[in-house]
Amino acid sequence: MNNFSKILIDWYSEHKRELPWRESTDPYIIWISEIILQQTRVVQGYDYFMRFINRFPDVKTLAEAEEDEVMKYWQGLGYYSRARNLHTAARSMNGAFPKTYPEVLALKGVGEYTAAAICSFAYDMPYAVVDGNVYRVLSRYLGIETPIDSTEGKKLFSVLAGEMMDKSRPAVYNQAIMDFGALQCTPQTPVCLFCPLADSCIALSKGLVMKLPVKQHKTKTTNRYLNYVYAHTNTYTFINKRTGDDIWKNLFELPLIETVESVTEEEFLALPDFTKLFASGETPVVHSVCRDVKHVLSHRVLYANFYEVNLPEDTLSFSSFQKVRTEELGQYAVPRLIHAFLEKYV
DNA sequence: AAGACGGGGTG
DNA sequence: CACCCAGTCTT
């Protein structure tokens, strides 16, 4: 075993985090935890994992569930394609989790990182994980300035990760390097003063720690303007399921009119897309509930306005939307933005 | 090769 | 505000 992996594993034995999915070698448990943890911090995903496993303890249970319920268990976590893919993958398994790397990799929503994680943690196969932590630890330790989001960089780090791995203990090694990245070799203020790898870290000796890893990516954000209509009777509320390739696919929301620019209340009330929601003869009685609610996504900034429309019990308006009992709204998976509105005003 | 996809934490 | 998080899929 090389010195790098020995130091890492020694460090891990003293500093490892106790996490429920580490108590198991059930590939299903590992799989769920890994999907939840994609682009998601442990503290953020922890409760979701516990709830999810409690409701869907095995492949069969998940495969037999309705997608809408799976989405509900994912509500608020973000990157909802993970939940859809999870469900699709469960149904593709025929009751048994696949046992080879190529089969695991072929699962919907499972890429190279997750396949390596599952196969090493569950089966102790020698596949090196390459996640954000590994990019950071290796780029610093080896002093590599190749951008990690370039094709060349991805290939290079994949090779290096395999070379640095202790192939006699892939499961422990993979956990060790990721915990090391998460707790010691952190993005902002790494603990270089007390680092067990300080003697041989290239970035530290060259003063490159804060410059690594290099990313060439620059994401530009754009604005979107959402006008929601909380249309309801005394007992029912109108909702809509988002379909199509856009944010929040397969989640529910209130009737929405999106505009290219921000619109005032007067402008909104005159919008044909709004007025046409009302059956002829029914006069819109609308009041603005809240405006310019800012909701930030990673590459979008959403500005939302909410309008309330009170309708008679036998209304013919909003006929293109789903009419659900207001007290049953809670069983529908909704985006954070909608959930916050519902909590506050409904 | 570049974007899209959520939401939250950190400095 | 900028960057990052146990990444993957689509164009």
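Chain A is the first sequence line, chain B the second, and so forth, proteins listed ahead of strands; every chain is numbered from 1. None of these values were measured; they are calculated from a predicted model.
Considering only the side chain of A/His217, B/dG3 comes nearest among B/dG8, B/dG3, C/dC1. Closest to the A/Ile247 side chain, of the nucleotides C/dC3, B/dG7, B/dG6, is B/dG6.
The CD1 atom of A/Ile148 sits 12 Å away from the C1' atom of C/dC5 (whole-angstrom rounding). The CG-C1' distance, from A/Leu302 to B/dC5, rounds to 12 Å in whole Å. The interatomic distance linking A/Arg300 (CZ) with B/dA4 (C1') rounds to 7 Å, in whole Å. For the pair A/Lys220 NZ and C/dA2 C1', the computed distance is 16 Å after rounding to whole Å. Put simply, CD on A/Gln75 is 14 Å from P on B/dG6, counting in whole angstrom units. Atoms CE (A/Met210) and C1' (C/dC3) sit 10 Å apart, rounded to a whole Å. To the nearest angstrom, P of B/dG7 lies 17 Å from CG of A/Asp47. Straight-line distance from the CZ atom of A/Arg224 to the C1' atom of B/dG3: 14 Å, rounded to whole Å.
In this structure the side chain of A/Gln184 never reaches within 4.5 angstrom of the side chain of A/His15, judged on heavy atoms. Using a 4.5 Å heavy-atom threshold, the side chains of A/His232 and A/Leu311 count as separate. Counting only heavy atoms from C-beta outward, the side chains of A/Tyr303 and A/Ser262 never approach each other to under 4.5 Å. Contact annotation: the side chain of A/Leu8 never approaches that of A/Asp166 to less than 4.5 Å [non-hydrogen atoms, C-beta and beyond].
Contact annotation: side chain of A/Gln44 to base of B/dG7, donor-acceptor pair present below 3.5 Å. Interface remark: the A/Thr189 side chain does not form any donor-acceptor pair with the B/dG11 base, using a distance-only criterion of under 3.5 Å.
The residue from A/Ile202, A/Leu160, A/Leu208, A/Leu212 that alone fulfils the side-chain contact (heavy atoms from CB on, under 4.5 Å) condition with A/Ile144 is A/Leu160.
No hydrogens or angles considered: nothing links the side chains of A/Thr235 and A/Arg325 as a donor-acceptor pair under 3.5 Å. In the model, A/Tyr345 has no side-chain atom that pairs as donor or acceptor with a side-chain atom of A/Glu308 under 3.5 Å.
A donor-acceptor distance shorter than 3.5 angstrom exists from the side chain of A/Asn85 to the backbone of A/Ser81, with no hydrogens or angles considered. With hydrogens and angles ignored, the 3.5 Å screen pairs a side-chain donor or acceptor of A/Asp149 with a backbone N or O of A/His217.
Here, B/dG6 and C/dC4 have their C1' atoms 14 Å apart, quoted to the whole Å. When the P atom is used for both C/dT8 and B/dG8, the distance is 22 Å, rounded to whole Å. Separation of the C1' atoms belonging to C/dC5 and B/dC5 is 14 Å when rounded to the nearest angstrom.
Taking the six-membered ring where tryptophan is involved, the planes of A/Phe52 and A/Trp74 are perpendicular, since the angle between them exceeds 60° and thus also 30°.
In this structure, A/Trp248 reaches the B/dG7 phosphate: one of its side-chain N or O atoms is under 4.0 Å from OP1 or OP2. Not one side-chain nitrogen or oxygen of A/His299 sits closer than 4.0 Å to the OP1 or OP2 atom of B/dG6.
Judged by closest nucleotide on DNA chain B, A/Gln216 is the one of A/Val43 and A/Gln216 placed further toward the 5' end.
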How does each nucleotide of nucleotides 6-11 of chain C score, in 5' to 3' order, for protein heavy atoms under 4.0 Å: base (B), sugar-phosphate only (S), or none (-)? BBSS--
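Residue contacts shown for A/Leu77 include a base, since a base heavy atom lies under 4.0 Å away. Residue contacts shown for A/Gly45 are absent, as no nucleic acid heavy atom lies under 4.0 Å away.
DNA chain C lies under 4.0 Å from no heavy atom of any residue of residues 337-346 of chain A.
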